[in-house]
Amino acid sequence: AQSVTQLGSHVSVSEGALVLLRCNYSSSVPPYLFWYVQYPNQGLQLLLKYTTGATLVKGINGFEAEFKKSETSFHLTKPSAHMSDAAEYFCAVSWNSGNTPLVFGKGTRLSVIA
Amino acid sequence: EPEVTQTPSHQVTQMGQEVILRCVPISNHLYFYWYRQILGQKVEFLVSFYNNEISEKSEIFDDQFSVERPDGSNFTLKIRSTKLEDSAMYFCASSEQGSETQYFGPGTRLLVL
């Protein structure tokens, strides 16, 4: 079965430091890739997505992610962490075009230390 | 900005009772989905719905579950006889036709006692 792996269930960074959240997926078939963020007591908010075109994708709040087909990865980065970035981050993948179910990773909880 | 809404935000029920979780998808979206997240686990797909029919469902979506679009705006998930293991956060999502991008609601946290 196709799967999504997020390395590290909890990542802690200092305010102003680089944020790197890792996501790998199981198939070499080009997928559609998403990062969602869940702030405490809120729903899933779309952070960014890759569907086609440029492999470096920019999202909201200064986040970006790069699709690397050879590594089957879609890691999320932000140059400088802010306290407000503390949340749960989910990588999700769809292996078919159109309206098909998303397969989620387990999520990574990001803590930002002052 | 249009958003998916869900009610209630929290529901507590006794084992064996029926629950109905409600969702209002984004108005011009035609595809609707339910996902669930058991505490500490992954978000899992339950079912997708299009044109008043289930278009796809997972193994989790057994005979205890049903979905319905009772009117032009609501989309519901019914659990006929709840079990302890149904305790989870249930997310509704919607998408435009032909789009891979799904927009999620805030979730309903269901606790079965």
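Below, chains carry the letters A, B, ... as their sequence lines are ordered, and counting in each starts from 1.
In this structure, OH on B/Y31 lies 4.5 Å from CG on A/N99, to the nearest 0.5 angstrom. In this structure, CZ in A/F104 is found 8.5 Å from CZ in B/F91, a value given to the nearest 0.5 Å. Within the model, atoms CD of B/Q37 and CG of A/L44 stand 7.0 Å from one another, a figure rounded to the nearest 0.5 Å. Atom CD of B/Q102 is separated from atom OH of A/Y32 by 13.5 Å, given to the nearest 0.5 angstrom.
For A/V4, the part sitting under 4.5 Å from any heavy atom of chain B is the backbone (N, CA, C, O) and nothing else. Contacts between B/T101 and chain A at a heavy-atom distance below 4.5 Å involve backbone atoms as well as side-chain atoms. Within the 4.5 angstrom heavy-atom criterion, no atom of B/Y50 approaches chain A. Heavy atoms closer than 4.5 Å to chain B are found in the side chain of A/K49, but not in its backbone. The contact between A/Q38 and chain B is made entirely by side chain atoms (from C-beta outward), counting heavy-atom distances below 4.5 Å.
Remark: B/E85 CD is packed, more than 12 non-hydrogen atoms of other residues, nucleotides or ligands lying under 6.0 Å away. Heavy atoms from other residues, nucleotides or ligands lying under 6.0 Å from CG of A/L7 number 12 at most. The environment of A/I60 atom CD1 is dense: over 12 non-hydrogen atoms of other residues, nucleotides or ligands sit within 6.0 angstrom. No more than 12 heavy-atom neighbours from other residues, nucleotides or ligands sit within 6.0 angstrom of CG on B/D63.
When the candidates A/S94, A/G107, A/G43, A/A92 are compared by the number of heavy-atom contacts under 4.5 Å with chain B, A/G43 comes out ahead. For chain A, the option among B/S55, B/A93, B/S99 with the highest count of heavy-atom pairs below 4.5 Å is B/S99. The candidate with the highest count of non-hydrogen atom pairs below 4.5 Å against chain A, out of B/G40, B/G98, B/G105, B/G107, is B/G98.
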Under the side-chain contact (heavy atoms from CB on, under 4.5 Å) rule, what do A/L102 and B/Y33 come out as? Steps first, then yes or no, please.
CA-CA 10 Å; A/L102 297 175; B/Y33 312 81; over 6 Å; no
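Linking Ile, Leu, Val, Met, Phe, Trp and Tyr residues whenever their side-chain heavy atoms come within less than 4.5 Å leaves B/I38 and B/L84 in two separate clusters. Hydrophobic clustering places B/F65 together with B/V47 (ILVMFWY residues linked when any side-chain heavy atoms are closer than 4.5 Å, directly or through intermediates). Under the 4.5 Å side-chain heavy-atom criterion for ILVMFWY residues, a single connected hydrophobic cluster contains both B/I54 and B/L77. The hydrophobic clustering, which links ILVMFWY residues whose side-chain heavy atoms are closer than 4.5 Å, places B/Y103 and B/Y35 together. Tracing side-chain contacts under 4.5 Å through hydrophobic residues (I, L, V, M, F, W, Y), one reaches A/L76 starting from A/V103; they form part of the same cluster.
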